[in-house]
Structure formats: C-alpha cells, structure tokens
Amino acid sequence: MRNLYVTDLKRILKDKLFVVTCILAGVFAVVNPLLNKVIFEALDLGELLGNMVNAKSMLFSAFIPGDNLGLIMPILIAIIVSKDFSQGTVRNKIISGRSRTEIFISHLLASATVMCVLMLLHALLTLGVSLCFFPYQATDFTAADLGYLMASLAFEMLVYFAIAAIVTFIATVAKNMGICILLYLAVSFGFSIVGAVLQVAGALLDPANKLYGVFEFLNALNIYTSTLIGAGATYSVKQVLYILTAPIAITAVSTILGVRLFARKNLK
C-alpha cells in the first residue's frame, strides 16, 4: 500500500498539470491581495472596509472551494487521476496483485496530500503578501488568535480532504476525462448555487422563524459556501460539530461508494 501511494503521489507531482496548478497557486496568491490594495487606494475605502478586509479575511478567502484555486485545482487533480484509467495503468496495478480497494485508497491519499499541501502553501503565501499591505486583523494578534488560526487551518485541511474524496470518486466512476470534469463542475456549482440561495433566503427570514434554523443548519454543512471557518475569534462546540460533520460524512460516503462502484467497474 505504501509503495502504491508513493507511486501515485510521484505520478501527480510529475504531471505537467501539477506544474500549471503550482503556477496558478502563486499567481492567485499575489494578484488577489494586490487587487484589493489597488481597489482600496483607488476608491479610498480604507476607513469604510478596513475592519472587514484584512490579511485574515484574505487568508481564509484563499480556501474558498468554489473560487480561484479552490475551483481549478480539484479539476486538474481529477484529470491527472483519470489518466490512470484512460492510459490503462490501473489494469497493470490489478495484474500486479493490487486490490481495487487499495488502488482507490491510494488515489484518495495521494490526491488529498497534494491538494491539502498545495492549498495550505497557497493560503500562507496569500497571507504573506496580504500582510505587506494590510494588518492581520483590526485587533492585536494574541496567543488565543494563534490557537484559533491553527485550528482553522486544520479544519480547512479536513474540508479539502473531503473534496479530494469527491474528486477521487468522480475520477474513478466516470467513463472518461470529459465526463469527470463536467461532473465535478456540476457538484461544485450545484453546491455553490444552493448555498447562495439558502444564504439569501436565510437573510430575508426573521431569526424567530423555524425555517431560519433549517437554512442556517444547511448552510453550515455546505463545505462549498460555509463561512464558519476563520470568521470569528473562537469556536463554539456547535460550530465545531457543524465544521466536522460534513467533511467526515462526505469522505466516508465518497470512499465507500467509490470502492464499491470501482469493484464493479469494467476496465477495458
């Protein structure tokens, strides 16, 4: 299993699309803070938005799954994983004695490793560039803020592990690379649209309305639009449960279904 994981990891890292992903990660990390700075200077919005847009907000904006690198990277990783099927590499693994469960788990771990590490480096680079133009936050940075930051980064990694599980599932069951891309775009845009609609609907409702709690719950579980991570200074037990539930459930369901469907898949 370890050798299989290392092989899959190396295959991703050597792919030209991975180089493209790294370049995009660097570009987005530099361009987004610069654009914010230019807009602030041009429109003189410093006093108006100073407490809303800072290095902290840009750090966690870098993790948004439906925007910039968060949207593009899973698609590129899905393409790389699907090559294992289109190029017949999977059949060679099976012939060599690897089980389909091992192959799926190896793909998942390799994809999750690359996505989590690259996204983390992208976000930290975004933070570094942002700090050149903006303060980290409106208040002084304390030890409590450091603990909150570390916990938030861990939560973001959990989210991208779940996205890696979705990507692996789609790349495994899709018939070809084109369908693989379309399916992931459908998942990403679908959850993003649903999340946006629920957020607007929730904003229009009275908090006393029973539907308000339902919309709040659904929004909190939507990993593509949830704003719980990095939005405050501490996490309540309820928030932690919301943050953990969806990624763990998505990872479990995607893995179980992926393994079962892959076991039945006819490899040509």
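The chain is numbered in sequence order, starting from 1. Heavy atoms only: backbone and side chains are in, while hydrogens, waters and symmetry mates are out.
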Legend entry - From Thr142 atom OG1 to Asp145 atom CG, the distance as rounded to the nearest 0.5 Å: 3.5 Å
Inset, instruction - Please examine the side chains of Phe262 and Val173, heavy atoms only from C-beta on, and report whether any two atoms are closer than 4.5 Å. - result: no
Inset, instruction - Count the heavy atoms belonging to other residues, nucleotides or ligands that lie under 6.0 Å from CG of Asp140, then report whether that count exceeds 12. - result: no
Inset, instruction - Identify the residue among Asp8, Thr7, Asp84 that makes a side chain to side chain donor-acceptor pair (under 3.5 Å) with Ser106. - result: Asp8
Legend entry - Separation between CG of Leu109 and OH of Tyr5, rounded to the nearest 0.5 Å: 6.5 Å
Legend entry - Rounded distance [0.5 Å steps], CG in Leu198 versus CG in Asn222: 7.5 Å
Inset, instruction - Using atom types as modelled and distance alone, determine if a side-chain donor or acceptor of His122 lies under 3.5 Å from a backbone N or O of Ala25. - result: yes
Inset, instruction - Look at the rings of Tyr224 and Tyr184 and say which category their plane angle falls in: under 30° parallel, 30 to 60° tilted, over 60° perpendicular. - result: tilted
Inset, instruction - Using the side-chain contact (heavy atoms from CB on, under 4.5 Å) rule, take Met115 and Met73 through it: C-alpha gap first, then chi angles, then the decisive distance, then the call. - result: CA-CA 7 Å; Met115 290 178 64; Met73 179 178 61; 4.0 Å; yes
Legend entry - Spacing of Ile166 atom CD1 and Leu183 atom CG [to the nearest 0.5 Å]: 12.0 Å
Legend entry - Heavy-atom check, side chain of Thr126 versus side chain of Asn32, under 4.5 Å: no
Legend entry - Ile229 side chain reached by Phe63 side chain, heavy atoms, under 4.5 Å: no
Inset, instruction - Under the side-chain contact (heavy atoms from CB on, under 4.5 Å) rule, what do Leu59 and Leu149 come out as? Steps first, then yes or no, please. - result: CA-CA 10 Å; Leu59 165 66; Leu149 173 61; 3.5 Å; yes
Inset, instruction - Taking the side chain as every heavy atom from C-beta outward, state whether Asn68 and Ile64 have any atom pair closer than 4.5 Å. - result: no
Inset, instruction - Give, for atom CD1 of Ile23 and atom CZ of Phe18, the distance between the pair rounded to the nearest 0.5 Å. - result: 10.5 Å
Inset, instruction - Grab the two heavy atoms, one from Cys180 and one from Ile170, that are nearest each other, plus how far apart they are. - result: O-CG2, 3.5 Å
Legend entry - Main-chain N/O of Gln199 paired to Glu216 side chain as donor or acceptor, under 3.5 Å: no
Inset, instruction - Determine whether Phe60 and Leu127 make a side-chain contact, defined as any pair of heavy atoms from C-beta on separated by less than 4.5 Å. - result: no
Legend entry - Donor-acceptor pair, side chain of Ser57 and main chain of Asn54, under 3.5 angstrom: yes
Inset, instruction - Taking only Lys NZ, Arg NE, NH1 and NH2, and the carboxylate oxygens of Asp or Glu, determine whether Lys83 and Asp15 approach each other closer than 4.0 Å. - result: yes
Inset, instruction - Give a yes or no on whether Phe191 atom CZ has more than 12 heavy-atom contacts from other residues, nucleotides or ligands under 6.0 Å away. - result: no
Inset, instruction - Can you see which heavy atom on His107 is nearest to which on Arg11, and at what distance? - result: CE1-NH2, 3.2 Å
Inset, instruction - Report yes or no: do Tyr242 and Ser226 form a side-chain donor-acceptor pair below 3.5 Å? - result: no
Legend entry - Interatomic distance, Leu17 atom CG to Leu24 atom CG [nearest 0.5 angstrom]: 10.0 Å
Legend entry - Donor-acceptor contact below 3.5 Å, side chain Ser111 vs main chain Leu108: no
Inset, instruction - Locate the shortest heavy-atom distance separating Ala123 from Ala62; write the atom from each residue and the value. - result: CA-CB, 4.0 Å
Legend entry - Main-chain N/O of Leu261 paired with Arg100 side-chain donor or acceptor, under 3.5 Å: no
Legend entry - Within-4.5 Å side-chain heavy-atom neighbours: Leu185 and Leu71: yes
Inset, instruction - Taking the side chain as every heavy atom from C-beta outward, state whether Leu218 and Val194 have any pair of such atoms under 4.5 Å apart. - result: no
Legend entry - Between Ser130 and Tyr136, a side-chain donor and acceptor under 3.5 Å: no
Inset, instruction - For residues Cys116 and Phe161, report the shortest heavy-atom separation together with the two atoms involved. - result: SG-N, 3.9 Å
Inset, instruction - Determine, step by step, whether Ile105 and Thr255 satisfy the side-chain contact (heavy atoms from CB on, under 4.5 Å) criterion, reporting the C-alpha distance in whole Å, the side-chain angles of both residues, the deciding distance to 0.1 Å, and the verdict. - result: CA-CA 8 Å; Ile105 298 300; Thr255 302; 3.8 Å; yes
Inset, instruction - Indicate yes or no: at least one non-hydrogen side-chain atom of Leu257 is less than 4.5 angstrom from one of Phe169. - result: yes
Inset, instruction - Please report the C-alpha distance between Arg260 and Phe104 in whole Å, then the side-chain angles of each, then the deciding distance to 0.1 Å, and finally whether the side-chain contact (heavy atoms from CB on, under 4.5 Å) criterion is met. - result: CA-CA 10 Å; Arg260 289 185 176 181; Phe104 184 92; over 6 Å; no
